[in-house]
Amino acid sequence: MFSRRTDLPLDQDPLSRFLPWLIAFMVYLAAMAQSGLIGLDELARRWDTGMAATLTVQIPADPDGGKAANDRRLQKTMNILAQTPGVLHTEVVSESKVLELLSPWLGVVQATDVPLPRLIDVETDPEIELDARVLQQKLASTIKGVQVDDHGIWLARLIQMVRTLEAFAAAVLGLILLAATGTVVFTTRTGLTVHAEAIEVLHLTGAQDSYIAKQFAGRAWGMGLKGGLIGLVLAVPTLVLLGYVADRLQAGMLPDMSMPLAGWLSLIALPLAVGLVAGLTARITVMRNLKRMI
Amino acid sequence: MDMDPSVPIARFENVGLRYGLGPEVLQDVSFELNPGSYHFLVGPSGAGKSSLLKLMYLAHRPSRGLVSLFGREIATASREELPALRRSIGVVFQEYRLLDHLSTFDNVALPLRVAGIRENDIKRHVEELLGWVGLKDHMSARPPTLSGGQKQRASIARAVIARPSLLMADEPTGNVDDRMGYRLMHLFEELNKLGTTIVVATHNEAMVRELGHPVMRLNRGALDITPGTKSTPSTVGGM
Ligand SMILES: Nc1ncnc2c1ncn2[C@@H]1O[C@H](COP(=O)(O)OP(=O)(O)OP(=O)(O)O)[C@@H](O)[C@H]1O
Ligand SMILES: [Mg+2]
């Protein structure tokens, strides 16, 4: 479909010297957008399955009861949770951790200074949808004032934000592809005009349109591949750096954001895909335009 | 192309041609070329000789009338059929139209390449023909470095390399000295003896008289045909 030897001096077109670099730039941007897309998708998925499967049960301290009363309330809650289907694991948040969480509001305090609420982290089975409100009703009937928080609202918002970013990255990727295709169409049309005289001679000596199209397609495939490789070579260090930065951030709350293997493979396939798209675009452009000649 | 002697190689019927909205440069041109015939095409500059040849080598479509080649009417031929017809036609263009970026060898090889001939065979044929037209030492030279006569010979070699059934030459002796002119004419005579149908457009009236082939004379777009002065295998079928 693509021909390597050429009867047309396509290499000498000023545009064709420029095109690989233009494509390199676009592939660089596409690689960014694509890995952003993959990273965000991974993030959203892990949050969706990972974090949605946790609940926090909060038992407010009863100021009248002593520590023993509060411990009893905690124990009762734990018992009910243990019997609730869908609960995989429960863990009482330690007092020091609770103090740490409250410190922005209370300042540095001792556990004995104030009655502390007790917190239980509950890991639920993602297969069984345990409704936080149903669980709260169930618990509250036995223990007064129990709150169940499923992080639902802020998680939903985060995921929505990530999905929006993802859509944006996909749109950027699409636009880059469109721009690259447009560039190839434009370059090919220019080539057809510049070499109209030689193309007519080829036609008059009995060349099929496809014979001429092959030469343009071969050039475009070569330039697309070359540009794609340059772009990829430039993109990889950037991505590795970004991955390193993300790893540092991850110490906080971000789930693991390193690129999966499929992601790297899709990046490596990018230059090939660009070469192929460029070649096919050139071929279609030539075939369409030559139809208008005699 | 199959050569059925009863089917004319080329047939024009009331052909008219105008470029864009300009005047008709060819008017009611009708003729037939029989297989193996040899014609001169003469007329003053601007009479429409090159235009008539362009219609015949399928570089242009007529504004009216019918053109048939090898028995195939061109107006109804699909785009996919044209390359096969063109491969049976060899053309020596008035301005050579060699491709400047290709070597002499590649220029001459072009008709074989577009026909998908194997490179080995191409090499053999092209080298042989270039030797025959005296360009063996200029195989890798590019046309801009060739003399007028060398370009002319390269262009003739390209026209005949694929052994066309119909050979057209537009002023093939326009840019060479008399001696070279006669040598080239001799080449055409030889090809004609091998059965190639030939049309040569020329201003060289002395040569036309001397060789004695039938003459197609164009004057302000109208065609007039005179039979040859010496017997040729088949002569023109004027209508
Ligand atoms: N591409 C074109 N566009 C417009 N007019 C053209 C074109 N080619 C030729 N003509 C006109 O058609 C007429 C015939 O031209 P043509 O080249 O066929 O003459 P010719 O007999 O070959 O002349 P010469 O002996 O000088 O080669 C001329 O008036 C010319 O100006
Ligand atoms: Mg002319």
Side-chain angles (χ1 to χ4, degrees), chain A residues 1-19 187-223 279 282-294, chain B residues 1 53-62 67 74-75 77-93 95-103 105-117 119 122 142-143 155 157-166 168 170:
Chain A
M1 185 169 21
F2 302 156
S3 159
R4 274 193 65 231
R5 73 166 296 284
T6 166
D7 303 318
L8 302 169
L10 300 175
D11 295 330
Q12 289 157 33
D13 295 1
L15 265 172
S16 68
R17 250 172 286 156
F18 178 54
L19 193 62
T187 313
T188 306
R189 284 218 192 126
T190 310
L192 284 171
T193 311
V194 170
H195 304 297
E197 170 72 23
I199 288 170
E200 198 191 355
V201 171
L202 287 181
H203 267 149
L204 293 179
T205 47
Q208 309 262 14
D209 290 349
S210 58
Y211 179 86
I212 295 158
K214 246 185 221 169
Q215 309 200 359
F216 277 92
R219 279 296 300 154
W221 150 256
M223 287 191 291
R283 191 190 159 85
I284 293 166
T285 308
V286 172
M287 293 302 278
R288 277 211 191 145
N289 280 271
L290 288 185
K291 275 219 179 74
R292 291 189 221 126
M293 295 177 73
I294 170 187
Chain B
M1 283 294 136
L53 293 184
K54 274 183 206 166
L55 293 179
M56 215 172 354
Y57 61 74
L58 305 179
H60 230 285
R61 289 191 186 266
V67 173
I74 300 309
S78 72
R79 193 172 167 71
E80 286 68 37
E81 287 176 72
L82 298 183
L85 292 173
R86 285 172 173 146
R87 283 174 201 178
S88 303
I89 301 171
V91 188
V92 183
F93 300 100
E95 7 21 278
Y96 315 132
R97 304 188 74 169
L98 296 168
L99 303 185
D100 283 350
H101 56 280
L102 293 183
S103 65
F105 180 95
D106 285 337
N107 265 290
V108 175
L110 212 54
L112 300 179
R113 291 228 167 96
V114 302
I117 309 289
E119 280 299 318
I122 290 178
R142 277 159 210 260
S155 135
R158 181 182 63 189
V160 303
I161 187 78
R163 295 192 140 268
S165 324
L166 172 59
M168 283 171 252
D170 200 349

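In what follows, every chain begins at residue 1, and chains take the letters A, B, ... in the order their sequences are listed.
- Summarising the geometry of B:Y57 relative to A:L204, their closest heavy-atom pair is O-CD2, 3.6 Å, with the distance given to 0.1 Å.
- For the pair B:R79/A:L290, a side-chain contact is recorded, criterion being any heavy-atom separation below 4.5 Å from C-beta on.
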Please step through side-chain contact (heavy atoms from CB on, under 4.5 Å) for the pair B:L99 and A:V201, ending with a clear verdict.
CA-CA 8 Å; B:L99 303 185; A:V201 171; 4.1 Å; yes

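- Between the side chain of B:R97 and the backbone N or O of A:A198 there is no donor-acceptor pair closer than 3.5 Å.
- Taking CG of B:L58 as the start and NE2 of A:H203 as the end, the distance is 12.0 Å to the nearest 0.5 Å.
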Check the pair B:R113, A:T205 against side-chain contact (heavy atoms from CB on, under 4.5 Å), reporting the backbone distance first and the verdict last.
CA-CA 10 Å; B:R113 291 228 167 96; A:T205 47; over 6 Å; no

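- For the pair B:R87 (side chain) and A:G206 (backbone), a donor-acceptor distance under 3.5 Å is present.
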Is there a side-chain contact (heavy atoms from CB on, under 4.5 Å) between A:D209 and B:E80? Walk through the geometry before answering.
CA-CA 9 Å; A:D209 290 349; B:E80 286 68 37; 5.9 Å; no

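- Considering only residues two or more places apart in sequence or on other chains, B:R142 meets the side-chain contact (heavy atoms from CB on, under 4.5 Å) condition with B:H101, B:P144.
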